[in-house]
Number of protein chains: 2
Amino acid sequence: MTQRAASKSKPKSPPAVRGSRATGRVTIIDVAAEAGVSPMTVSRALKTPALVQEQSRQRILEAIDKLGYVPNQAAATLASARSQVVAVLVPSLTNAVFIETLSGIRDYLASVGYQFLIGETGYDRHKEEELIATYLAHAPAGFLLSSSQQHDILQSRPASRAIPAVRMFDLGRSQQDYSVGFSQTRAGHAVARHLAERGYRRPAFLAAQLDPRMMKRREGFRKGLQEAGLAADIEVLLPQPTTVDMGAQLLRRVLQDHPDCDSVFCCNDDLALGALFECQRQGISVPRQMAIAGFNDLSWAACATPSITTVVTPRYDIGYQSAEMLVRQLKGEEIAKGRLDLGFELAVREST
Amino acid sequence: MTQRAASKSKPKSPPAVRGSRATGRVTIIDVAAEAGVSPMTVSRALKTPALVQEQSRQRILEAIDKLGYVPNQAAATLASARSQVVAVLVPSLTNAVFIETLSGIRDYLASVGYQFLIGETGYDRHKEEELIATYLAHAPAGFLLSSSQQHDILQSRPASRAIPAVRMFDLGRSQQDYSVGFSQTRAGHAVARHLAERGYRRPAFLAAQLDPRMMKRREGFRKGLQEAGLAADIEVLLPQPTTVDMGAQLLRRVLQDHPDCDSVFCCNDDLALGALFECQRQGISVPRQMAIAGFNDLSWAACATPSITTVVTPRYDIGYQSAEMLVRQLKGEEIAKGRLDLGFELAVREST
DNA sequence: CTGAAAGCGCTTACAG
DNA sequence: CTGAAAGCGCTTACAG
């Protein structure tokens with residue numbers, strides 16, 4: 001059954017007003033006629049109400065209500081060469097981390113009347129380039145990205161068509177290289193120092209999904225261990241996507257290759273959860289025989305048995321603030337801090 | 001620093017071709033001139049290549065490449081009164097279930113050149129209405145929804161402006177009430193029967209986020225228990241959002257109020273995980289002293305210690321197939337099965 | 001504070 | 001297979 005036929009069978013809607021145009025849609029022209037003003041004034045009443053006389057505005061709002069007028073975004077975008085849509089590119093949609101970031105983005109954008117398109121890059125640079133090309137056709141007002149390469153590409157467009165972008169999670173190199181995030185390196189460093197202070201002598205680094213951020217955490221972790229006089233030689237790195245089960249696998253690998261390992265830094269909480277389950281399965285006491293630290297503070301970290309030490313990351317705020325920074329650019333506002341470090345926190349719990 | 005100033009400082013782009021129009025953008029007119037055809041032929045070469053002579057098409061593609069032409073979607077939408085954007089409304093973005101559904105939607109839509117906008121309703125009906133109103137301004141080609149009320153609203157629009165919609169997760173009442181999902185009731189029923197068959201005598205139902213789907217699972221569960229001759233009197237229902245920690249809370253409540261309870265059906269895997277952690281904390285052996293069943297088969301269910309019995313739901317497929325059903329409606333194709341039951345599976349594991 | 005004119009970049013509907 | 005004309009619904013830039 002087609003769309004048309006389906007709706008014919010339920011003709012119970014309020015009899016919609018037919019617009020004057022051939023399409024039958026109610027347009028700004030119909031509203032103008034109803035309110036006794038020009039279309040231009042209707043447009044102003046919607047975009048810049050302060051420039052319209054109170055009385056006119058009232059009549060316009062009534063007309064809009066009466067006719068059921070809905071603005072046509074496509075026409076607005078075409079006429080103004082500027083859309084109210086922001087393109088957001090995240091590495092993965094199946095990772096809770098990025099989802100919370102999207103919530104932050106959505107909350108800010110909704111508050112200023114913007115929409116957003118979401119692209120998933122799968123941690124793949126080429127995919128990201130493709131997506132940007134696709135999105136450019138939608139004339140997005142700006143981009144929120146999670147890698148640095150594409151940032152450069154967008155900025156290098158001719159000035160007349162430059163599209164602002166903000167990079168999330170990582171910090172940029174300068175105030176002009178707009179970014180909102182925290183230092184992945186320092187976060188890794190903090191975990192190393194914590195394990196060393198607790199007295200663990202043989203910490204391992206476990207990671208999957210080897211994107212640049214993981215590598216920075218690793219770098220900081222190694223440096224932290226070395227500063228504490230510990231060896232940074234135990235590592236298991238796998239390129240596959242992160243899963244809980246992979247945490248269990250990584251732990252088995254470590255136990256097999258390095259029986260003297262006494263603690264693990266899992267580069268995210270999914271892996272940490274899998275590692276914990278594996279310890280439980282093998283009857284290894286956590287943290288007595290094996291300490292476990294994670295990353296991100298996902299919902300289960302605080303209430304696992306034992307609760308999991310992890311790095312609390314400002315995911316929601318990264319989304320919210322990067323959206324705000326982007327919109328401020330769009331409005332041509334001055335941005336004092338173009339490199340916004342939101343920091344992180346180490347939540348020390350029972351597992352270490 | 002403003003957008004313009006920022007890009008001026010990095011003038012390293014390939015010198016983009018300037019279009020003939022006042023905006024400087026490269027349009028279909030520029031491509032036409034370059035290829036020596038009319039704009040209309042360029043439009044055809046892009047939308048219906050079969051209608052354009054091979055030779056012309058070649059020249060047009062070369063011109064597009066040379067000029068770096070990017071189609072303007074806003075203009076296309078305005079002219080055709082039809083966008084390539086689908087509006088998707090899900091209850092929550094922080095729930096892995098819906099995220100996987102979005103992946104399915106994205107994969108199908110990407111394959112046919114559509115984009116999508118995502119709205120989060122927060123399980124709130126009014127919020128959903130608001131979102132629909134907002135999205136209507138973007139002239140979406142269609143809607144993918146997760147509740148039934150709004151479905152009716154859209155279908156009741158005047159035929160000339162009807163916007164097709166498909167409902168996800170739940171099944172509709174008829175083949176005309178487009179929907180893709182599975183029977184929540186039967187899934188709940190299957191869990192009850194399984195627990196009864198395993199010999200549990202005092203099963204409880206634990207739920208949070210009391211949306212209509214939860215209520216259907218509960219209904220099926222109660223019915224299943226009754227059919228097995230068991231009482232369906234132990235329940236803890238909380239309206240708050242689901243978290244892992246809430247699973248622990250719910251379990252504590254049940255143990256306190258019903259010390260004879262020997263098994264719990266948690267209406268999702270987050271709750272099941274929390275319940276498992278709480279048992280571990282209290283030294284309650286799972287499944288010997290307390291059996292736990294979950295719902296959805298999220299990543300940790302299979303590898304927890306003990307592994308968690310759960311209902312495997314076709315989340316990705318629901319997204320993929322509902323997107324397909326929607327697009328087929330958009331194309332005016334015949335849809336034989338407008339009510340697509342994708343079923344579910346009970347994964348029996350160590351926890352029951 | 002308000003309006004008439006022109007144009008945004010594409011597609012529809014018609015004619016060849 | 002191709003093209004000239006008109007129009008989609010709004011906003012910009014100007015004039016009052």
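What you see below is based on every heavy atom in this structure, not just the backbone, and it leaves out hydrogens, waters and symmetry mates. Predicted, not measured: the structure shown is a model, and the values here were computed from it. Naming: A, B, ... by sequence-line order, numbering from 1 per chain.
- The ring-ring contact (aromatic ring centres under 6.0 Å, His included) check on Y108(B) picks up Y320(B), with sequence neighbours excluded.
- A search for salt bridge (charged side-chain N to carboxylate O under 4.0 Å, His left out) contacts involving R44(A) returns nothing, not counting sequence neighbours.
- In this structure, the side-chain hydrogen bond (donor to acceptor under 3.5 Å, both in side chains) partners of S38(B), at least two apart in sequence or on a different chain, are T41(B).
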Protein N or O to nucleotides 14-16 of chain D N or O, pairs below 3.5 Å:
none

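- Using a 4.0 Å cut-off, some side-chain N or O of T41(A) falls inside it from OP1 or OP2 of dG3(C).
- T77(A) comes within contact range of no nucleotide atom at all, as no heavy-atom separation falls under 4.0 Å.
- Applying the 4.0 Å criterion to OP1 and OP2 of dT2(C), one finds that S56(A) has a side-chain N or O inside that range.
- Partners of D107(A) under the side-chain hydrogen bond (donor to acceptor under 3.5 Å, both in side chains) rule, at least two apart in sequence or in another chain, are Y316(A).
- Listed by first residue number, the stems of DNA chain C with at least three Watson-Crick or G-U pairs below 3.5 Å are C:1-3 with D:14-16, C:5-12 with D:5-12, C:14-16 with D:1-3.
- Using cut-offs of 30° and 60° on the angle between ring planes, the pair F143(A) and Y135(A) is tilted.
- Applying the ring-ring contact (aromatic ring centres under 6.0 Å, His included) test to Y114(B) and every residue at least two apart in sequence or in another chain returns nothing.
- Looking at E54(B) and R57(B), a side-chain N of the basic residue comes within less than 4.0 Å of a carboxylate O on the acidic one, giving a salt bridge.
- Scanning for salt bridge (charged side-chain N to carboxylate O under 4.0 Å, His left out) contacts around R328(B) gives E333(B), with sequence neighbours left out.
- Qualifying side-chain hydrogen bond (donor to acceptor under 3.5 Å, both in side chains) partners for Q55(A), counting only residues two or more places apart in sequence or in other chains: none.
- Distance I60(B) CD1 to dG3(D) C1': 12 Å, rounded to the nearest Å.
- Within the 4.0 angstrom heavy-atom criterion, no nucleotide atom of any strand lies near A32(A).
- In terms of the side-chain hydrogen bond (donor to acceptor under 3.5 Å, both in side chains) criterion, Q175(A) has no residue partners (sequence neighbours excluded).
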Got a list of protein N/O to nucleotides 7-10 of chain C N/O distances below 3.5 Å?
unit_1  : atom_1 : unit_2 : atom_2 : d
dC8(C)  : OP2    : R21(B) : NH1    : 2.7
dC8(C)  : O5'    : R21(B) : NH1    : 3.2
dC8(C)  : O2     : A79(A) : N      : 3.4
dG9(C)  : OP1    : T23(B) : OG1    : 2.7
dG9(C)  : OP1    : R25(B) : NH1    : 3.1
dG9(C)  : OP2    : R21(B) : NH1    : 3.3
dG9(C)  : N7     : R21(B) : NH1    : 3.4
dG9(C)  : N2     : A75(B) : O      : 3.4
dC10(C) : OP1    : Y69(B) : OH     : 2.5
dC10(C) : OP1    : N72(B) : N      : 3.2
dC10(C) : OP2    : I28(B) : N      : 2.5

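- Every residue two or more places apart in sequence or in another chain was checked for a side chain to side chain contact (heavy atoms under 4.5 Å, CB included) with A79(A), and none qualifies.
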